[in-house]
Structure formats: structure tokens, C-alpha cells
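Structure first, commentary second.
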2 protein chains.
Amino acid sequence: MATHVESRIEPRIPLSRERVLRAAVKVADERGIESLTMRRLAEELGAEAMSLYYHVANKDDVLDGIADLIVSEINDLVDQIELPAKGPDWKNAVRQRILSARQVLLRHRWAPRLLETRTTVSPAVLRYHDRLIGLMREGGFSYDLAHHALHAMGSRALGFSQELFDPGGDAGDDDATAALETMADELPHLVGMLMEVAHDDPASTLGWCDDQTEFEFGIDVILNGLDRLRETA
Amino acid sequence: MATHVESRIEPRIPLSRERVLRAAVKVADERGIESLTMRRLAEELGAEAMSLYYHVANKDDVLDGIADLIVSEINDLVDQIELPAKGPDWKNAVRQRILSARQVLLRHRWAPRLLETRTTVSPAVLRYHDRLIGLMREGGFSYDLAHHALHAMGSRALGFSQELFDPGGDAGDDDATAALETMADELPHLVGMLMEVAHDDPASTLGWCDDQTEFEFGIDVILNGLDRLRETA
DNA sequence: ACCTGAACACCGTTCAAGT
DNA sequence: ACCTGAACACCGTTCAAGT
């Protein structure tokens, strides 16, 4: 009867794969992906951990699912971008798509790392790349060059690039600067570079020091290089 | 007394941080990094899991340690490469270092993913990049351009690039090809590309489909682009 | 069809205790 | 100084049982 009353006050919405995945994104957004456990996820849904297994195969399935959900969000956004004219416009069109994808990833900071560690390919990722190839074809790429291009862009195609270390991210903070000075003997070039570059390096936006300016510099080097190859092909 | 006999037969080598980390690399090489647990690591060393904590702070410390060990292996190798002449030689020198780094990573397939997930910066990674900046400076780069260059290369500087999905890796295998054909409606460009490109795509060497040819294509696009910027700067 | 309680195997780690 | 046994908190997951 206590349960009777409870169920009146809060009528139970049934679980579903959709609800489970949306709740998982919410938990990851709010508390970080490392605190996304099956028990925590169930709690978010007002259910028990074991109930989830009726709707998803296991935790890996959840992770695959939310990775796909994020890239679907990217697809929804880039589908609204108008298609370019044939020829040299391809570059700006691709650039615009990539920067839009990046906007979505900025809302889900945990997503880049998750995307890189998933080994099963997401349908949404396939779709995203399919459209990218289409744009390049319209721009005059052979399939062969488009293939090389996808490899050259790597994760940048989806709007991020994982940095191995942060060559300037903490440079603004005084402690780090002082620490660097003590390493000047062993790391002369790195310290020299950071001293000069530190002032014009704003806060990073994604990853460790993958800030917007540097990200755009990187894709432009690649897109310009590909454009040159397209012209001479 | 049984223990007495045992200790005679197999005199106990004392543990040390060095031994722990080397054993951890061995376990990761032989059984994959996902099976590197504190208990398994201790077993490899003929000790109990709790004994490890006298020599390393925790598991994260072990992971930081083996990441650093691998990059040290890279440093040892690239230090043997002779230095280039001033000027345009920088490109080949950097290219050669990157491909040497890649050779080391091919011996430790788990290392790229580990390197990308470590958030604390390894001294060896700092040293590697310091020398890379030095080469670019000799080649005529400003510190500012060298900084952009490091970002543009990202993980490629250390010899790998994580691919988001594998545009042709399984294309050789018949099942995958058949599966692709059924997706031709939704993914026309991707399927079209793979059909054409599949035949000349050999087995991958690192990551999912990050094969040597594609990796070199990618770094060449970037290095050539940077070289052009260096000339016009 | 959908959900759950109890239980299992396996983690990383603490702490007091051994030599 | 170096190592360990017992124990704890917390995972993902199975399975039989509930409605």
C-alpha cells in the first residue's frame, strides 16, 4: 500500500533504450564520464542497475550508444548547412561542417575521448563521413584522394584533435611558468618557445590545449594541402 | 623451513619502481593493457599486489610510468639520428624522427591509446617535443610557427594518429564487403569509395586503419604545408 | 514483458601487522 | 626498509524470482 501511494504520486515512466542512453549522456555531461556507472545510471532513472540490462546489452553497449547519440547530434546540425557550388567551394563547406561538429563536442567534453576509444563503428560516424566524401566528390576529388583525405584529417574531420601534451595551456599560470624556468637547462627550446608564445595563448576550448585558433590552423594546413593536390591531380 | 628451501632455490630479487614498470610493459605487450591489473602485475613479479604500493603510488602512477618508458624508448632511438644541415633539411629530419617513433609504437600497440589518455605530461614527451622544436628552429621556424606546427601535428609528431573509424580496414574481408553493399542506399559515397579503394589497401599497422601509407600521406600534407609557411614567413 | 534482490567475481586501495 | 593478509568499497554482470 505504501507502494500504491508512491506509484500514484510518481507514475512510473517505463524504461527504454532511448531513455537509458539519454540519461547516460546527462550523467556524463553533469558528473563526468568516469562517474557513469550502471548503478549511478539506474539511480538517475529511478530504477535498479539490473533493470538496465533488459534494454541494453551491457555497459559497452551504453558507451557505443551515447557515442552514436553525440554524432547524431552533429549530423542534425550539419544537415542544416546549405550545400556548396561545385568546385573550389568544397573547402569552405567542409571547414564549416567541421567547425559545427566542434560546437557540439564543446557541449559534451567527454565525447572526443570516448569516440577515440570506441572500436565498433557508429552508424552516425559512418553517415557523417559519407556526406563528407560527397562534398569532396562535388569539389572534384577522386575516390582515391578522398580516401587519403579522410585519413589525413583523422579525428579533425569530426571537430577535434587530441593533443599529446599541452605546449602552452598552463603557461598563463605563474606556478607553471616558474616550474618551466627551472627546466630551461634540459628543455631549452620548449621553454624558449613557451616564454614567447604564452601571452597570446587564451584558454583552451577542448582537450588539453586544443584551442580554437590552433585547431583552425591545423585544419587549414590540411585543407589547403588537399586543395592543392586536388588542383594538380 | 619449506620457505627456507624455496628462498634458496629462487633467491628473491627485491622489487623496485624500475622492475615494476618493466614488468607492467611486459604484461601489456603480452596480454594487452586491459589485463594489466595490480594483482596480475604482482603475480608477474612473484609478489603480492599490496607490495607494489611500496614502490609506486597507485595504478595511475604505473600507467604514467609505462607511458614515459615507451617515449624514453623513442627518445633513445631518435637521439641516434644525425642532425640535419640548416634550412630546408628540417623537413626530412622531422619526418625521419616521426617514422622512427612510429617503429617503437608498433612494438607496443597499446601505447598510442595510453598516451592519449594520460593527462599528466611525461618528462620524456616534453623532451621529445623540445628536440623537435630545436630541429624546426634550425630549419628557420619562428617560435610562433613552431608552436602552431606542434598543434597541427598533434599525436602525429610522436608517430601515430588515432582514426575515428576505419574507412577501408576490413574492406578486404568478404563479409564486410557484403555488409557494405546492403548499406549502399544510405551511404552511397562511402560505399562507392570503399569499392574502388579496397583492393590497394593492405593490412593496417597501428590503430584501426592507420596504415603506413596513409600515415605518411598525412604527415607529408602537414609537413609540406608547414614548409610553405616557413618559406613565406 | 518488464523489473528486481541476492550473489559472484574481480577491481583498486587502506591499514595494521609481520620480518 | 620492505613485504603481506585481511578487509573494504565499488565495479559489471548472472540468475532465479517476482509482477
Side-chain angles (χ1 to χ4, degrees), chain A residues 1-24 27-28 31-67 110 113-114 117-120, chain B residues 1-24 27-28 31-67 110 113-114 117-120:
Chain A
M1 2 210 129
T3 61
H4 223 165
V5 175
E6 254 181 323
S7 66
R8 288 246 175 127
I9 294 174
E10 213 168 324
R12 186 62 160 275
I13 310 161
L15 294 177
S16 68
R17 183 181 167 84
E18 174 85 9
R19 276 195 74 213
V20 170
L21 296 181
R22 300 237 170 256
V27 171
R31 296 162 129 89
I33 194 147
E34 72 285 350
S35 66
L36 177 60
T37 67
M38 296 301 271
R39 285 171 171 84
R40 177 72 193 78
L41 179 52
E43 192 188 324
E44 178 75 29
L45 290 159
E48 298 301 315
M50 300 73 207
S51 311
L52 304 177
Y53 287 87
Y54 194 84
H55 301 94
V56 295
N58 47 39
K59 186 174 182 181
D60 244 43
D61 190 26
V62 173
L63 294 177
D64 284 340
I66 63 176
W110 44 270
R113 194 124 67 187
L114 180 65
T117 50
R118 292 291 83 195
T119 128
T120 53
Chain B
M1 6 216 123
T3 62
H4 224 163
V5 176
E6 256 182 324
S7 65
R8 288 247 175 126
I9 294 173
E10 213 168 323
R12 187 62 160 278
I13 311 162
L15 293 176
S16 67
R17 183 180 167 85
E18 173 84 10
R19 278 196 71 212
V20 170
L21 295 181
R22 299 237 171 256
V27 171
R31 297 165 130 86
I33 194 147
E34 73 285 349
S35 66
L36 176 61
T37 67
M38 296 302 271
R39 285 172 169 84
R40 178 73 192 78
L41 179 52
E43 193 189 323
E44 178 75 28
L45 290 159
E48 297 303 314
M50 300 74 207
S51 311
L52 305 177
Y53 288 86
Y54 193 83
H55 301 95
V56 294
N58 47 40
K59 187 174 182 182
D60 243 43
D61 190 25
V62 172
L63 295 177
D64 284 339
I66 63 176
W110 44 271
R113 194 124 67 185
L114 179 64
T117 50
R118 292 293 82 195
T119 128
T120 52

Just how far, in rounded Å, is [atom2] of [N] from [atom1] of [X]?
{"X": "B:Arg17", "N": "D:dA1", "atom1": "CZ", "atom2": "C1'", "result": "18 Å"}
{"X": "A:Glu43", "N": "D:dC11", "atom1": "CD", "atom2": "P", "result": "10 Å"}
{"X": "B:Leu36", "N": "C:dG12", "atom1": "CG", "atom2": "C1'", "result": "12 Å"}
{"X": "A:Leu63", "N": "D:dC11", "atom1": "CG", "atom2": "C1'", "result": "14 Å"}
{"X": "B:Leu41", "N": "D:dC3", "atom1": "CG", "atom2": "P", "result": "13 Å"}
{"X": "B:Lys59", "N": "D:dC11", "atom1": "NZ", "atom2": "P", "result": "15 Å"}
{"X": "A:Arg19", "N": "C:dC2", "atom1": "CZ", "atom2": "P", "result": "14 Å"}
{"X": "A:Leu45", "N": "C:dC3", "atom1": "CG", "atom2": "P", "result": "10 Å"}

For [X] versus [Y], what's the shortest heavy-atom pair and its separation?
{"X": "A:Asn58", "Y": "A:Met38", "value": "C-CE, 4.3 Å"}
{"X": "B:Arg113", "Y": "A:Thr117", "value": "NH1-O, 3.6 Å"}
{"X": "B:Arg118", "Y": "B:Ala67", "value": "CG-CB, 4.1 Å"}
{"X": "B:Arg19", "Y": "B:Pro14", "value": "NH1-O, 3.3 Å"}
{"X": "B:Ser51", "Y": "B:Leu15", "value": "CB-CD1, 3.9 Å"}
{"X": "A:Ile33", "Y": "A:Trp110", "value": "CD1-CE3, 3.7 Å"}

| request: Can you sort out the partners of B:Glu18 under side-chain hydrogen bond (donor to acceptor under 3.5 Å, both in side chains), two or more places apart, ordered by chain and number? | output: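 Partners of B:Glu18 under the side-chain hydrogen bond (donor to acceptor under 3.5 Å, both in side chains) test: B:Arg22.
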| Which comes earlier along DNA chain C counting from the 5' end, the contact point of A:Arg39 or that of A:Pro14, where each point is its nearest nucleotide? |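 Result: A:Pro14.
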| field | 5'-to-3' dot-bracket of DNA chain C (Watson-Crick, G-U; under 3.5 angstrom; crossing pairs as [ ]; | other strand) | value | ||.|||||...|||||.||
| message | Going by side chain to side chain contact (heavy atoms under 4.5 Å, CB included), name the residues that satisfy it together with A:Arg39, two or more places apart in sequence or in a different chain. | response | A:Thr37, A:Ala49
| field | Non-neighbouring partners of B:Ala24 that pass side chain to side chain contact (heavy atoms under 4.5 Å, CB included), sequence neighbours left out | value |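 In terms of side chain to side chain contact (heavy atoms under 4.5 Å, CB included), with neighbours along the sequence ignored, B:Ala24 is linked to B:Leu36, B:Leu41, B:Val62, B:Ile66.
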| task | Please step through side chain to side chain contact (heavy atoms under 4.5 Å, CB included) for the pair B:Leu52 and B:Leu45, ending with a clear verdict. | result | CA-CA 10 Å; B:Leu52 305 177; B:Leu45 290 159; 3.9 Å; yes
| Below 4.5 Å, heavy atoms only, C-beta onward: do A:Arg40 and A:Arg31 meet side chain to side chain? |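 The answer is yes, as the side chains (C-beta and beyond) meet within the 4.5 Å cut-off.
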Find every protein N or O atom lying less than 3.5 Å from an N or O atom of nucleotides 4-6 of chain C, and list the pairs.
residue : atom : partner : partner atom : Å
C:dT4   : OP1  : A:Arg12 : NH2          : 3.1
C:dT4   : OP2  : A:Glu48 : N            : 3.1
C:dT4   : OP2  : A:Ser51 : OG           : 2.4

Taking only N/O atoms, report every protein-nucleotides 17-19 of chain C pair under 3.5 Å with atom names and distance.
none

| Short side-chain N/O contact from B:His55 to OP1 or OP2 of D:dA1, under 4.0 Å | no
| message | Starting the side chain at C-beta, find the nucleotide from D:dT13, D:dA7, C:dT14 nearest to B:Tyr53. | response |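 Of the candidates, C:dT14 comes closest.
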